[in-house]
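Notes for the one structure printed next.
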Protein chains: 4
Amino acid sequence: MFEQEEMLIQQLFDEEKLTEKQSKILIAAIESFSEKGYASTSTSEIAKKAGVAEGTIFRHYKTKKDLLMAIVVPIMAKVVGPYIINDFDKVLNQQYDRVEDFLRATIENRREVLKKLLPVVKIMLQEIPFQPELREQFIDLIAKNLFGRVSHIIEGYQQKGQIIEMPALSVARLVITSVMGYLFSRYILFPEAPWDDELETERTIQFIMHGLGKGE
Amino acid sequence: MFEQEEMLIQQLFDEEKLTEKQSKILIAAIESFSEKGYASTSTSEIAKKAGVAEGTIFRHYKTKKDLLMAIVVPIMAKVVGPYIINDFDKVLNQQYDRVEDFLRATIENRREVLKKLLPVVKIMLQEIPFQPELREQFIDLIAKNLFGRVSHIIEGYQQKGQIIEMPALSVARLVITSVMGYLFSRYILFPEAPWDDELETERTIQFIMHGLGKGE
Amino acid sequence: MFEQEEMLIQQLFDEEKLTEKQSKILIAAIESFSEKGYASTSTSEIAKKAGVAEGTIFRHYKTKKDLLMAIVVPIMAKVVGPYIINDFDKVLNQQYDRVEDFLRATIENRREVLKKLLPVVKIMLQEIPFQPELREQFIDLIAKNLFGRVSHIIEGYQQKGQIIEMPALSVARLVITSVMGYLFSRYILFPEAPWDDELETERTIQFIMHGLGKGE
Amino acid sequence: MFEQEEMLIQQLFDEEKLTEKQSKILIAAIESFSEKGYASTSTSEIAKKAGVAEGTIFRHYKTKKDLLMAIVVPIMAKVVGPYIINDFDKVLNQQYDRVEDFLRATIENRREVLKKLLPVVKIMLQEIPFQPELREQFIDLIAKNLFGRVSHIIEGYQQKGQIIEMPALSVARLVITSVMGYLFSRYILFPEAPWDDELETERTIQFIMHGLGKGE
DNA sequence: AATGAATGAGCATTCATTCAT
DNA sequence: CATGAATGAATGCTCATTCAT
């Protein structure tokens with residue numbers, strides 16, 4: 001698990017070369033923030049868990065909030081953003097013949113990411129309401145990128161008569177919340193229930209497909 | 001707004017007779033917890049906002065956490081729980097001829113509640129991950145009551161052949177996350193977007209109905 | 001035990017007529033002060049133990065320190081003072097033929113008093129260093145009354161050639177600390193050791209008598 | 001006086017190397033605890049007197065009680081314990097030909113120690129009744145070490161027929177309380193009276209020697 | 001007389017941050 | 001670069017005391 005987390009860190013933060021101490025600080029901070037919340041985690045606790053001196057944290061991150069941002073911003077910038085965009089680009093380029101296949105791939109992809117980055121995602125969700133900077137980034141990302149892109153695709157399918165006549169934004173909302181609802185139930189609400197992931201993925205896809213079908 | 005909040009408080013906490021000071025403390029705490037989070041709100045701040053001495057808070061609520069619980073537990077116990085159950089009882093007693101009508105009434109009802117209790121619901125969602133007591137109550141409520149009841153209804157409809165063959169639990173998840181996803185988008189994510197509530201409600205219902213339809 | 005304590009209270013405080021609430025407050029305060037110390041006992045704790053409202057304490061005793069004084073001053077005034085004086089008066093009036101008999105009676109008398117008033121005596125000893133008012137009273141009592149009287153008696157015996165030639169004050173100190181040392185060991189230091197009181201009293205008397213004897 | 005106290009501190013706490021701030025904190029704490037009692041001394045007061053920030057106290061002593069223990073435990077462990085034992089070892093090894101000489105040396109030694117450590121001894125005596133940990137240590141030290149050693153010596157003298165036939169424990173009690181009674185009168189009760197220490201020491205020794213003599 | 005809600009100063013303790021080494 | 005002692009403002013909480021009922 002430690003090795004796995006380290007890889008996660010390397011993956012999330014690779015661009016800036018991290019020293020070993022910095023990695024340890026980030027891992028410790030992610031673990032503590034995720035377990036007890038940002039406001040209830042003390043920097044001294046992080047220092048102890050990371051095995052560094054208290055002052056060392058502040059050499060790398062000017063304030064505690066900077067440390068939080070160093071954790072959460074990359075997730076927003078790299079994970080929620082481009083990953084999604086890459087996927088969609090594949091769809092837009094007809095790499096998936098059917099919507100089902102796109103949904104399946106997307107869900108699977110999201111699932112993998114969420115499983116690995118769960119602690120960071122938890123921190124992000126917790127702190128978005130209280131950090132205006134995060135909030136704005138998030139809204140932008142969701143509103144402009146995610147909804148925008150999805151809406152675009154949807155309008156395509158609607159013109160081909162394959163899905164229901166409904167404002168693309170509403171369709172986007174329905175699809176996204178269905179997918180997110182699944183992932184949220186799966187990993188946040190009931191992570192310990194016995195899930196048959198393949199089956200539930202199919203059911204979710206089926207539900208969405210029917211839900212968007214022209215009915216009758 | 002103040003008057004409105006006071007009514008909210010009265011409604012949530014009516015059984016125990018609240019003194020004026022207690023009401024003021026609760027209102028101030030709800031406002032602050034909702035805006036800045038439980039851990040980042042100081043009791044002195046609440047006292048100042050409520051216009052009482054700091055000691056007064058601790059006369060009524062032995063600890064800061066007790067104050068939090070006094071706010072969140074009733075919401076769980078009274079609002080999420082029985083309200084839902086009452087609605088479902090109506091369905092079970094055939095008060096709604098069609099699933100659509102039931103969904104419509106439920107969504108509308110939830111919408112009203114959420115609109116009024118938004119700050120408290122926000123606090124609840126924020127603190128569930130960090131307060132084991134809340135977490136357990138919530139899981140119980142959702143898992144045993146909400147999912148249980150909904151599953152029961154679903155099985156009824158499935159026997160009548162009106163909805164798709166799929167484990168009731170999965171159906172329940174899909175329906176509930178669709179409804180919650182709507183309300184979450186509407187009130188938490190984009191409360192300031194221009195929403196046509198009646199229309200979106202219908203679209204959500206339509207989506208769910210088709211999604212659960214036997215397809216073709 | 002409760003009844004016994006009530007009698008103690010009545011005995012200590014009889015002159016001012018105490019209401020039932022006052023008695024309860026005093027008993028509760030003595031118990032708490034004795035167990036946890038004056039400074040570490042809160043008035044609310046006393047109120048709860050006494051079964052009265054917090055305000056009631058302050059109706060009878062203007063401040064917490066007044067309550068302490070109401071407990072400790074009578075002990076000094078009535079118990080340490082006059083009792084001793086009465087005993088000594090008996091000696092001075094030749095009611096005891098031999099010093100031994102006087103010592104024996106005095107020790108026995110002190111022993112009874114100490115057993116009953118132990119909690120109050122403990123409080124007194126604890127607070128004397130910190131309450132100048134008490135300290136002065138105590139020094140006066142010990143220095144002027146106790147030492148004074150004893151010195152007077154001692155000088156008598158010295159003139160009769162029955163005890164050693166030594167300043168009366170020094171003799172008084174030796175006698176008093178011997179007696180007090182016994183009682184202190186018996187009731188404060190090792191109250192739970194198995195003591196044969198009669199025997200130890202005799203030994204103490206014998207030690208003092210020899211110690212004051214003309215040697216040889 | 002400041003220099004003297006610093007030496008005291010160095011003597012009491014030498015093994016662990018104390019920083020300058022730690023010394024200042026200890027000196028300030030000893031002064032305040034001794035004057036006003038542990039419970040009535042606030043940490044902010046100690047900080048101010050020591051000329052350090054309040055947080056500094058808690059960096060070195062996790063709680064206020066830890067600070068108390070850091071002051072009192074070494075006194076029990078180092079001063080009351082080994083010093084006494086060393087003295088007795090000298091007696092046991094026949095370094096003193098006569099009991100008188102032993103008593104004289106012991107009293108003198110105790111007197112020096114007490115004079116220097118008076119504030120700390122005061123704190124110790126004050127807090128023993130309320131700190132179970134201290135109480136146990138003290139009882140152990142007195143009961144098992146002091147009384148045990150003294151009893152052993154006494155039995156030796158009794159076998160040589162030099163002192164009275166009486167259970168060694170009782171003899172020990174009489175001797176110890178006589179010595180302690182002198183020191184207590186001298187330094188705690190009437191420190192400001194004019195004492196001729198040499199003379200009073202001799203009188204106390206004489207009293208004990210006669211008291212334990214075979215009478216006649 | 002008795003109550004107990006209300007007060008606000010005070011307390012022990014924590015914490016993010018700084019800085020000399 | 002890294003350390004960790006030092007800081008002092010802030011925090012949750014307690015307490016003796018007051019006062020309207």
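Residue numbering restarts at 1 for every chain, and letters A, B, ... go by the order of the sequence lines.
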Check whether any side-chain nitrogen or oxygen of C:Ser42 sits under 4.0 Å from OP1 or OP2 of F:dT14, and answer yes or no.
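False: C:Ser42 side-chain N/O out of range (4.0 Å or more) of F:dT14 OP1/OP2.
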N or O in side chain of C:His60 less than 4.0 angstrom from E:dA1 OP1/OP2
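For C:His60, the contact criterion (side-chain N or O under 4.0 Å from OP1 or OP2 of E:dA1) is not met.
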Over how many whole Å does the gap from [X] atom [atom1] to [N] atom [atom2] extend?
X: B:Leu67; N: F:dC13; atom1: CG; atom2: P; result: 10 Å
X: C:Leu68; N: F:dA16; atom1: CG; atom2: C1'; result: 14 Å
X: A:Ile57; N: F:dA5; atom1: CD1; atom2: P; result: 15 Å
X: D:Lys24; N: F:dA6; atom1: NZ; atom2: C1'; result: 13 Å
X: B:Ile25; N: E:dA5; atom1: CD1; atom2: P; result: 12 Å
X: B:Tyr61; N: F:dT14; atom1: OH; atom2: C1'; result: 19 Å
X: B:Lys48; N: F:dG12; atom1: NZ; atom2: C1'; result: 15 Å
X: B:Ile46; N: E:dA6; atom1: CD1; atom2: C1'; result: 18 Å

Does any nucleotide pair with F:dC13 by Watson-Crick or G-U wobble geometry, both distances under 3.5 Å, and what is it?
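Here F:dC13 is engaged in a pair, and the nucleotide opposite it is E:dG10.
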Looking at F:dT21, which nucleotide sits across from it as a Watson-Crick or G-U wobble partner, both distances under 3.5 angstrom, or is there none?
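Pairing partner, where one exists within any strand: E:dA2.
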Give every pair of a protein N or O atom and an N or O atom of nucleotides 17-21 of chain F that lie under 3.5 Å apart, one pair per line with the distance.
from, atom 1, to, atom 2, distance (Å)
F:dT17, OP2, C:Lys64, N, 2.7
F:dT17, O4, C:Glu54, OE1, 3.4

Looking at [Y], is its backbone amide N or carbonyl O close enough to the side chain of [X] to form a donor-acceptor pair, meaning the two atoms are under 3.5 Å apart?
X: C:Thr41; Y: C:Gly37; value: yes
X: A:Gln137; Y: A:Leu134; value: no
X: A:Gln131; Y: A:Ile128; value: no

Would you mind classifying the nucleic acid contact of C:Thr41 as base, sugar-phosphate or nothing, using non-hydrogen atoms under 4.0 angstrom?
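Counting heavy atoms under 4.0 Å across all strands, the contact made by C:Thr41 is with sugar-phosphate only.
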Looking at C:Tyr38, is C:Lys64 sitting on its ring face, NZ or CZ under 6.0 Å from the six-membered ring centre and within 45 degrees of the normal?
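Yes, cation above the ring, under 6.0 Å and within 45°.
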Going by an N to O cut-off under 4.0 Å, is there a salt bridge joining A:Glu54 and D:Arg59?
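D:Arg59 and A:Glu54: salt-bridged.
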Candidate nucleotides E:dG4, F:dA6, E:dT7, ranked by approach to the side chain of D:Thr56 - the nearest
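Among E:dG4, F:dA6, E:dT7, the one nearest the side chain of D:Thr56 is F:dA6.
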Find which nucleotide of DNA chain F each of D:Thr19 and B:Glu45 is nearest to by heavy atoms, and output the residue with the more 5' nucleotide.
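Per heavy-atom nearest nucleotide, the more 5' residue is D:Thr19.
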How far apart are the closest heavy atoms of A:Glu45 and A:Ser40, and which atoms are they?
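In terms of heavy atoms, the two residues are closest at OE1-O, 4.3 Å.
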May I ask you to check whether D:Ser32 and D:Lys49 show a side-chain donor-acceptor distance below 3.5 Å?
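There is such a pair between these side chains.
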Both B:Lys21 and A:Tyr38 contact DNA chain E. Which one's nearest nucleotide lies toward the 5' end?
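Result: B:Lys21.
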